[in-house]
Enquirer: 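First the structure, which I've put down as structure tokens, then a few questions once you've had a look.
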Amino acid sequence: QSEIAAVIGDATVMSFGDVRVLANSNLDISNTDTVGVSGSLVGIAVNVASAEARNTVKAAIRDASVYADTGTVTVKAEADNKAQTSAKGGAVGALAVGAMVAETTLGTQSAEEVVAEIGDNSFIRSGNLVLTALSNDDIFADAQALSAGLVGIAGASADTETRQDAVARVGNNVDISTGLLEILADHTQKVDARGDATTFGLAAGAGVGVNNLVLGQALVDIGENSNLLANNMRIDANNELIKERYATGFNLTSGSAALVSVTVMISRTDIGTDDQAFGAQVDIGNGTLLQVDRAEGDNSAIIGAESRKAPRIEIETYINAAAVDNVKVDAVSYLAGGAYGESQIEAELNAQVNVNGATIVNNAGDIFFTTKTDTLIRPNANLTVIGGAFAGAYANVDGIVTSVNEVNLNSATIEGSDISLYAGQDSIRVPNVMFVIADAQVFTASLFFGLGIPDVKTRLYENNRVNVLGGTTIEAVSDIRSEE
């Protein structure tokens with residue numbers, strides 16, 4: 001656990017060039033490994049590998065005045081996090097028990113980890129202003145267990161959890177006058193876990209559980225009673241999950257050979273939950289003014305085809321969730337064998353732009369409010385069970401996605417040339433691209449009785465909403481477009 005901060009606080013800074021406030025963290029826990037082997041009449045091996053990363057990275061200007069009329073003011077907080085755990089081992093004996101546990105955790109529920117901030121009561125005058133919070137995360141857990149004996153039991157558990165946040169914040173009573181204003185919260189997360197259990201014996205039992213919980217957020221928060229004046233303005237919150245380490249392989253595997261065998265394999269990935277969605281969000285508070293005026297010498301048209309070159313205000317959120325899960329069971333039993341395999345991916349996704357009592361004016365061009373979500377969710381289970389007298393296998397595969405894309409204007413004032421409110425598409429009108437694909441393959445073979453049950457469910461709930469509430473006023477020189 002560490003805290004990294006770069007701050008200009010309660011000061012006046014004057015510069016003829018650039019001003020940079022940079023905080024950077026590079027965390028690499030590439031090897032947290034444990035290996036154990038036990039051999040005796042009763043052999044028991046239990047290994048636990050755990051890694052927790054709780055770093056905070058903050059770059060800020062707080063209660064300060066910065067003058068850089070010809071330069072760029074950059075406030076950037078960036079974190080690159082890599083954490084991996086591995087637990088491997090086995091047991092040999094008349095009674096052999098092997099249990100392996102690997103856990104990897106990033107972030108906490110109570111803290112914001114990566115924050116770039118213009119704090120309350122700050123004043124900035126500059127050629128350009130860039131406020132950026134970036135978090136690039138890669139976490140992984142691997143557990144592999146082996147047992148061999150008259151009675152062999154192997155269990156493996158691999159869990160990952162991330163609550164990392166990337167936050168770009170402008171506080172209350174802030175005054176900014178600049179050229180290009182860019183505010184970005186960008187969060188990219190690579191998450192995966194692998195479990196394997198192999199057993200041999202007259203009686204064999206194997207169990208593997210893999211759990212991935214992804215609650216990372218990307219947030220742009222602009223407070224109350226602030227004035228942000230610029231010649232061009234872009235505000236973005238992007239949140240991306242990639243779970244594809246085993247896109248062409250298997251992240252949950254089990255093999256057994258015994259007189260009688262039972263195998264249970266469960267892989268679950270939650271991308272957001274009912275209580276806390278996987279989110280990308282922009283909030284703009286009461287009494288705040290965002291205004292774009294034409295730079296001196298800029299003669300771009302404000303209507304027609306040439307208006308694309310005119311200064312813009314773009315306020316956008318974007319979510320991308322790509323997750324692959326592959327479960328595989330191979331079991332051979334001379335008398336009877338049974339296997340249960342579960343692959344489940346659930347996603348609760350929320351992309352929002354919220355303007356509450358703020359005024360947003362572009363005197364030189366267009367205004368865009370957009371929210372967009374892309375998904376590619378692919379759970380899969382492949383079970384093969386062979387038994388002399390009985391072979392049974394049940395594959396339970398679920399892919400469930402609930403997506404909310406909202407533009408919410410409440411007691412807001414919006415003025416510009418063309419004004420576009422797009423829920424479920426970006427500023428060039430590319431719509432959500434959302435796929436949920438589930439697959440179960442079951443093969444059983446027995447001399448007497450074999451039963452294979454594939455149970456596959458996919459659900460996709462897409463909600464795109466534009467809400468204009470509370471006496472909001474929208475005035476456009478040309479067109480007002482609202483699409484869901």
Enquirer: Going by atom types only, do Ser427 and Thr370 share a side-chain donor-acceptor pair under 3.5 Å?
Expert: no

Enquirer: Taking everything shown except Glu3 itself, do over 12 heavy atoms lie less than 6.0 Å from its CD?
Expert: no

Enquirer: Can you give me the closest heavy-atom contact between Ala168 and Leu184, atom names plus distance?
Expert: CB-O, 3.6 Å

Enquirer: Applying ring-ring contact (aromatic ring centres under 6.0 Å, His included), can you list everything that pairs with Tyr340, at least two apart in sequence or on another chain?
Expert: Tyr394

Enquirer: Taking only residues two or more places apart in sequence or in another chain, which ones pass side-chain hydrogen bond (donor to acceptor under 3.5 Å, both in side chains) with Asn320?
Expert: Glu240

Enquirer: Taking Thr160 as the fixed residue, which of Thr269, Thr104, Asp192, Asn212 is the one that meets the side chain to side chain donor-acceptor pair (under 3.5 Å) rule?
Expert: Asn212

Enquirer: For residues 4-20, dump all side-chain donor-acceptor pairs below 3.5 Å to protein atoms at least two apart in sequence or in another chain.
Expert:
{"residue": "Ser15", "atom": "OG", "partner": "Gly17", "partner atom": "N", "Å": "3.0"}
{"residue": "Ser15", "atom": "OG", "partner": "Gly17", "partner atom": "O", "Å": "3.3"}
{"residue": "Asp18", "atom": "OD1", "partner": "Thr72", "partner atom": "N", "Å": "2.8"}
{"residue": "Asp18", "atom": "OD2", "partner": "Arg20", "partner atom": "NH2", "Å": "3.4"}

Enquirer: Indicate whether the side chain of Gln425 and that of Glu483 have a donor and an acceptor atom separated by less than 3.5 Å.
Expert: yes

Enquirer: Which residue in the set Leu289, Thr178, Asp293 passes side chain to side chain contact (heavy atoms under 4.5 Å, CB included) when paired with Leu229?
Expert: Leu289

Enquirer: So, using ring-ring contact (aromatic ring centres under 6.0 Å, His included) as the criterion, who are the partners of Tyr67 when residues are at least two apart?
Expert: Phe123

Enquirer: Verify whether one side chain among Asp418 and Ser478 offers a donor that lies under 3.5 Å from an acceptor in the other.
Expert: yes

Enquirer: Check Glu112 against Asp165 and note the closest heavy-atom contact, atom names and distance.
Expert: CA-OD2, 4.3 Å

Enquirer: Phe250: which residues meet the ring-ring contact (aromatic ring centres under 6.0 Å, His included) condition with it, sequence neighbours left out?
Expert: none

Enquirer: List the residues meeting side-chain hydrogen bond (donor to acceptor under 3.5 Å, both in side chains) with Asp325, not counting sequence neighbours, and say none if there are none.
Expert: Lys243, Asn251, Ser267, Ser343

Enquirer: Do Asp137 and Asn81 pair up side chain to side chain, a donor and an acceptor below 3.5 Å, judged on atom types alone?
Expert: yes

Enquirer: Is it true that, when you exclude Lys76 itself, more than 12 heavy atoms of the residues, nucleotides or ligands shown sit nearer than 6.0 Å to its NZ?
Expert: no

